Amino acid sequence: MNGTFNLLDLFVLLLYLGGTTALGMWIGRDQKSTNDYFVAERAIPWWAVLFSIVASETSALTFISIPGLSYTGNLGFLEVVAGYILGRIVVAYTLLPRYFEGNLVTAYALLETRFGLGTRRFTSIVFMITRAMADAVRVFATAIPVALIIGPVMPREYTMPAAILVLGALTVIYTYKGGMKAVVWTELLQASIYVVGGISAIVLLGQAVDGGWSTIIDRAGAAGKLQAIDWYAGFDRPHTMFAGLIGGAFLAMASHGADQIIVQRLLSSRSLKQAQVAIIGSGFAVFAQMTLFLFVGLGLWVVYNGQTFPQADQIFPTFIIERMPHGLIGLIVAAIIAATMSTHSGAINALAASSTYDIYLPFTGRSADDPRTLKVSKLFALLWGVGLTAGALLFKEQGTPVVVIALSIASFTQGGLLGGFFLGLFWDRANQRDAIVGMSVGIGCMAFIVFAKQIVAAFPSMASTLGGVATIAWPWYVLIGLTITFVTGMLLSFTHAAPSSVPGVSPAPRSKS
């Protein structure tokens, strides 16, 4: 089948892009306050928040990369996804009640209540820097499969920047105009698009093999590709039961309990109970979604008879080009873009919220209800949107897979941030100095651990020092960073007298949240 991108595919893609932008602008047409702009007046139903969380976790990296995991390996990634569910349950009953008790808008306001404004600013700035870098890489990554699929229509050197500019511009428009309402409700559409794309691939793969999916399952099983449990106890494999359940759980605690992009969606829920249902339910929805795309990978392995590809990320796009009918190719391109637009819009809104509530309002002393604050909030959203798009345009392809770069950027800070929250919750002696120094040490150490391979490659003399940590699998990064942060803060706390009282989490004025 000739999979060249044609006018029908272009029509489907433009219909999606125009529809998403129009929907976002219409839903968010009446923004009255920053509370409305950033947490939708806390009026989003649990099921919408649930699918919004799922969509925000899914980018083009997920859509393209997950099938490659089962194509080159097996179903072991589901062990990590199972750990995500456990981590969500912990967040639901530890951090979420404190966020709702304080009537907060950003996650880092909780640390101000416990430690002080300096800690809030520190953690918010760390979040903003790493989220901006990681999201710019994700936007760039979206352009890679789009360029591969559309390739014959437009040269790659033009397709890449054109895809980045269109994706960035349209996402900025509806996010700037509609705030969190636009983010959540467009994410429902976007999630539907890429799930339909995945299901369509499942159907086509079954039709491409004699005997359909029963044959695919038999051949995959015979090759050991249905294995989903590995009891290996070392730290150098990512997809094992121990790395998955333990490391994956702590990773989810960090990404869903200490990262503004997810916490902000949860704070948009109508109540604590609904937020808890949404975050736990999203874990099971993500498990189902990952299973879907892993099975796409199994089908691809049978269709291509285990053929070796230069990169695993090229396998699914190659099938799209060679085997999918026109119209569906356009839908798949829309699905790839939809997956990243959902993450991109959420990042813009979360970065603007942190800029406004954690930096601007405490610095100026203005109220969140001040009409000028809403204008400033929208300006922050516009600036972050333009900045992220510019960062994606400036990013240059490297030998390292883009998915690894994006995950690495986030990995070396998440453990430190979660460690700061743990110090506040579980170690009464800790004060602001202990928390900031502990997080700084944790983040600094993790930078060496996460990027150990690159450091050793650049400085071979450090192989004896960093060679051991270079083999640590990524699911353990957050737990290691948290441990370093917590132990450092705990030891520092013995250098001063124990505080006579420990600040609790009490309802905070909206201007400070």
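None of these values were measured; they are calculated from a predicted model.
- In this structure a side-chain-to-backbone donor-acceptor pair under 3.5 Å is present from Ser377 to Thr373.
- Annotation: side chain of Arg121 is in contact with side chain of Ile359 (closest heavy-atom distance under 4.5 Å).
- The main-chain N or O of Leu266 is found under 3.5 Å from a side-chain atom of Ser269 such that the two form a donor-acceptor pair.
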Distance-only donor-acceptor hits, side chain of residues 161-172, under 3.5 Å, sequence neighbours excluded:
unit_1: Thr171; atom_1: OG1; unit_2: Leu167; atom_2: O; d: 2.7

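- Although no hydrogens or angles enter the test, the distance criterion places no donor-acceptor pair under 3.5 Å between the side chain of Ser52 and the main chain of Ala48.
- Judged purely by atom type and a 3.5 angstrom limit, Arg42 uses its side chain to pair as donor or acceptor with the backbone of Leu267.
- In this structure, the side chain of Thr495 does not engage the main chain of Leu491 through any donor-acceptor pair within 3.5 Å.
- The number of heavy-atom neighbours closer than 6.0 Å to CZ of Phe426, taken from other residues, nucleotides and ligands shown, is above 12.
- The aromatic rings of Tyr108 and Phe421 sit tilted, their planes meeting at an angle between 30° and 60°.
- The local environment of CZ in Phe448 is sparse, with at most 12 non-hydrogen atoms from other residues, nucleotides or ligands closer than 6.0 Å.
- With contacts defined as side-chain heavy-atom distances shorter than 4.5 Å, the pair Val139/Thr389 does not qualify.
- Proximity of a side-chain donor or acceptor of Gln264 to a complementary backbone N or O of Phe38 within less than 3.5 Å is detected.
- Side-chain atoms of Ile279 and His256, non-hydrogen and from C-beta on, do get closer than 4.5 Å to each other.
- Residues meeting the side-chain contact (heavy atoms from CB on, under 4.5 Å) test with Trp47, sequence neighbours left out: Pro45, Trp185, Leu188.
- Going from atom CE of Met290 over to atom CG of Leu69 covers 9.0 Å, rounded to the nearest 0.5 Å.
- When atom types are taken as modelled, the side chain of Thr20 and the backbone of Leu17 share no donor-acceptor pair closer than 3.5 angstrom.
- Counted within 6.0 Å of CZ on Phe51, heavy atoms from surrounding residues, nucleotides or ligands total 12 or fewer; the atom is thus considered open.
- Under the 30°/60° scheme for interplanar angles, the aromatic rings of His239 and Trp474 are found to stand perpendicular.
- Side chain of Arg429 to backbone of His496: a donor-acceptor contact under 3.5 angstrom is found.
- Using a 4.5 Å cut-off on side-chain heavy atoms (C-beta onward), Met446 and Val478 make no contact.
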List the steps and the verdict of side chain to side chain contact (heavy atoms under 4.5 Å, CB included) for Ile262 and Ser56. CA-CA 8 Å; Ile262 299 294; Ser56 70; 3.1 Å; yes
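- Looking at Tyr37, its side chain does come within 3.5 Å of a backbone N or O of Tyr176 through a donor-acceptor pair.
- Put simply, the side chain of Leu95 does not reach to within 4.5 Å of the side chain of Met253, judged on heavy atoms.
- Not counting sequence neighbours, Tyr16 has no partner by the side chain to side chain donor-acceptor pair (under 3.5 Å) test.
- If you check the side chains of Thr106 and Gln260, you find no donor sitting under 3.5 Å from an acceptor.
- Heavy-atom contacts from other residues, nucleotides or ligands closer than 6.0 Å to CZ of Phe363 number 12 or fewer.
- Counted within 6.0 Å of CE on Met490, heavy atoms from surrounding residues, nucleotides or ligands total more than 12; the atom is thus considered enclosed.
- Taking CD1 from Ile480 and OH from Tyr477, the interatomic distance works out to 8.0 Å, rounded to the nearest 0.5 Å.
- Using cut-offs of 30° and 60° for the angle between ring planes, the Phe235 and Trp476 rings count as tilted.
- Contact of the Met133 side chain with the Val137 side chain is not registered, since no non-hydrogen atoms from C-beta on lie closer than 4.5 Å.
- Without hydrogens or angle criteria, Asp370 side chain to Ser367 main chain gives no donor-acceptor distance under 3.5 Å.
- In this structure, Trp427 and Phe486 have perpendicular ring planes: the angle between them is above 60°, well past the 30° mark.
- Two residues are said to be in side-chain contact when any heavy atoms from C-beta on lie closer than 4.5 Å; Arg88 and Ile53 meet this criterion.
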